[in-house]
Amino acid sequence: MSALSYVSEDKNSAWATYLAQVERVLPYLGDLSKWADTLRHPKRALIVDIPLEMDDGSIRHFEGYRVQHNLSRGPGKGGVRFHPDVTLEEVMALSAWMTVKCAAINLPFGGAKGGVRVDPRELSRKELERLTRRYTSEIGSIIGPQQDIPAPDVGTNPQVMAWMMDTWSMNVGATSTGVVTGKPIHLGGSLGRVKATGRGVFVTGRAMAQRINLPLDNARVAVQGFGNVGSVAAELFSEAGALIVAVQDHSATLYNASGIDVAALTEWQQQTGSISGYRGAMSVSHEAFWEQGYDIVVPAALEGQITADRARKLVCKLVLEGANGPTLPAADDILKERGITVVPDVICNAGGVTVSYFEWVQDFSSFFWSEDEINERLDRIMEQALLAVWNKSLELGVTLRTAAYAVACERILEARRERGLYP
């Protein structure tokens, strides 16, 4: 029976995946394991109703969520996802992964996440704005620059963040640029934020490739998801001399053994809205993506993509988790047995939250850094975090994921222990 009455028994859910990852680290936490239930229980979960007047005059209702998983190390930090399949359990898992991610990178944040069950592509711009503003008003009492700072995620963007910032500011009677990150530059956004997550995937991938003696020159790379994360990672790997041989999004799977022109594919996607129909590669089946031979695979779409069956088929040396929770626990075991190195999401895709931290700091000081300064600081933090996880994995003889959780959970639970329980 689940420890939480509102959680399903689905063993492949995002929350179940997170709990399984926590279980694997418990033997390495020593006395801190006394506080382990802190990791299994979200601090706060808010469910809101969002009534929306559509352009045709009808009224529709949408479900919205904001979950604050753990605030022991600082205010909540995490994105807002607009997607038709968003559920409370998914948002709980995403908030928990943010807790671990912020601690693994050693940022002064706890983990949070938000979401609305909606397909934003089906809304007009005005409907999307009204939805965003109502959602922001509904969760407004628990967010704030020193409470919980939202950011973009799947289905949201800088414009959505601008609406959120404006709504919260109007409601409190003062402009507060620090209430969200990922904003447009002229509203207190940070240079380098748009490409930060994809850049982090590349930086950690490059560092890990060096450690396992995998040259990037002519390395065969497959990217699942060609959004903000996947497209930037593909661009940077291509610039480093790698061949992007496979790309998959919701519309198509493309393959070209000689390498796909990333710039041309990006231009095609911007013109058409998807990668489908691009003529610089052949179209193959969805499952064929997992059956080709690669050096590096970058799952940068949604959670739960690498199943046990796909892990058995996958031929590569390195998996870089650009998405949150893309690998199921059973698949993790298979990849380990097959000698495939996995750089876990809580390190690999942490570039976004790292530059969000920079944006938050810049908003407080009203002093902004150049993009070169941003990238230099980002690269240094990511490389240092990966090194700490690598050393912990060697020390404990465990995978990089378990090592990342060991580093992060020690920091989270030590903070919980030192703060104590109130009252």
Side-chain angles (χ1 to χ4, degrees), residues 1-7 15-16 18-47 65-79 88-89 91-114 139-151 178-179 181 344 346-347 350 353-354 356-357 360-361 364 381 384-385 388-389 391-392 395-396 398 401-423:
M1 185 175 180
S2 173
L4 298 172
S5 64
Y6 49 89
V7 171
W15 181 250
Y18 162 73
L19 291 179
Q21 292 165 349
V22 167
E23 289 301 316
R24 295 184 180 201
V25 79
L26 295 183
Y28 307 102
L29 295 181
D31 293 343
L32 289 173
S33 60
K34 167 187 174 180
W35 297 89
D37 266 353
T38 297
L39 303 169
R40 302 186 183 103
H41 293 77
K43 176 180 176 62
R44 182 178 292 119
L46 178 63
I47 304 173
Y65 311 98
R66 187 69 184 177
V67 176
Q68 295 166 350
H69 174 258
N70 187 283
L71 306 180
S72 295
R73 302 184 73 251
K77 190 79 192 75
L88 176 61
E89 279 193 55
V91 176
M92 285 167 52
L94 292 168
S95 70
W97 282 321
M98 284 302 300
T99 299
V100 176
K101 187 182 301 182
C102 290
I105 299 294
N106 208 15
L107 303 179
F109 292 132
K113 208 76 174 187
I139 67 169
S141 61
I142 66 168
I143 65 172
Q146 293 179 314
Q147 292 174 273
D148 179 1
I149 306 104
V179 67
T181 57
V346 294
I347 289 290
V353 71
T354 302
S356 279
Y357 167 59
W360 182 70
V361 169
F364 270 119
I381 286 176
Q384 288 173 346
V389 169
N391 289 337
K392 180 67 77 170
E395 175 192 337
L396 300 178
V398 296
R401 189 185 314 282
T402 299
Y405 271 68
V407 170
C409 291
E410 284 174 4
R411 291 170 177 167
I412 297 161
L413 299 183
E414 188 64 49
R416 176 71 278 167
R417 180 167 67 181
E418 290 176 348
R419 288 182 65 158
L421 297 178
Y422 173 83

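- Going from atom CZ of R416 over to atom CG of L421 covers 5.5 Å, rounded to the nearest 0.5 Å.
- Within 6.0 Å of atom CD in Q147, more than 12 heavy atoms from other residues, nucleotides or ligands are found, so the atom counts as buried in its surroundings.
- How far CZ of F109 is from CD1 of I149: 5.0 Å, rounded to the nearest 0.5 Å.
- Minimum interatomic distance between K101 and A350 (heavy atoms only, all atoms of both residues): CG-CB, 3.6 Å.
- The line from CG of L88 to CG of L4 is 9.5 Å long, rounded to the nearest 0.5 Å.
- Ring orientation note: the planes of Y405 and Y18 are tilted relative to one another, at an angle of 30° to 60°.
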Using distance only, find each side-chain donor-acceptor pair of residues 31-39 under 3.5 Å and give its atom names and separation, not counting sequence neighbours.
residue: S33; atom: OG; partner: G30; partner atom: O; Å: 2.8
residue: D37; atom: OD1; partner: R40; partner atom: NH1; Å: 2.4
residue: T38; atom: OG1; partner: W35; partner atom: O; Å: 3.0

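- Between R411 and E414, none of the side-chain N atoms (NZ, or NE/NH1/NH2) sits under 4.0 Å from a carboxylate O, so this pair counts as no salt bridge.
- Taking the side chain as every heavy atom from C-beta outward, F364 and P145 approach each other to under 4.5 Å.
- Between the side chain of W97 and the main chain of V346, no donor-acceptor pair closer than 3.5 Å is present.
- The closest side-chain donor-acceptor pair between S72 and K43, if any, does not fall under 3.5 angstrom.
- Looking at every heavy atom in both residues, V25 comes nearest to T402 through CG2-O, 3.7 Å.
- Using a distance-only test at 3.5 Å, with no hydrogens or angles considered, a donor-acceptor pair links the side chain of T99 to the main chain of G111.
- Here the closest non-hydrogen pair linking I142 and Q68 is O-NE2, 2.8 Å.
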Before giving the answer on side-chain contact (heavy atoms from CB on, under 4.5 Å), spell out for H69 and M98 the whole-Å C-alpha distance, their side-chain angles and the decisive distance to 0.1 Å.
CA-CA 8 Å; H69 174 258; M98 284 302 300; over 6 Å; no

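- Taking CD1 of I381 as the reference point, atom OG1 of T354 lies at 6.0 Å (rounded to 0.5 Å).
- Here the shortest heavy-atom pairing between P344 and A404 reads CG-CB, 4.1 Å.
- Residues that satisfy the side chain to side chain contact (heavy atoms under 4.5 Å, CB included) test with K392, not counting sequence neighbours, are E395, L396, A403, A406, V407, E410.
- Applying the side-chain contact (heavy atoms from CB on, under 4.5 Å) test between D148 and each of R66, K113, R44 identifies R66 as the sole match.
- Nearest heavy-atom pair, L413 versus L29, reported as atom, atom and distance to 0.1 Å: CD1-CD1, 3.8 Å.
- Relative orientation of the W360 and Y357 rings is tilted, given thresholds of 30° and 60° on the angle between their planes.
- Rounded to the nearest 0.5 Å, atoms OG (S141) and CG (L46) are 6.5 Å apart.
- The heavy-atom pair separating C102 from K77 by the smallest distance is SG-CB, 4.4 Å.
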Kindly indicate, with the supporting measurements, whether the criterion side-chain contact (heavy atoms from CB on, under 4.5 Å) is fulfilled by Q21 and V100.
CA-CA 11 Å; Q21 292 165 349; V100 176; over 6 Å; no

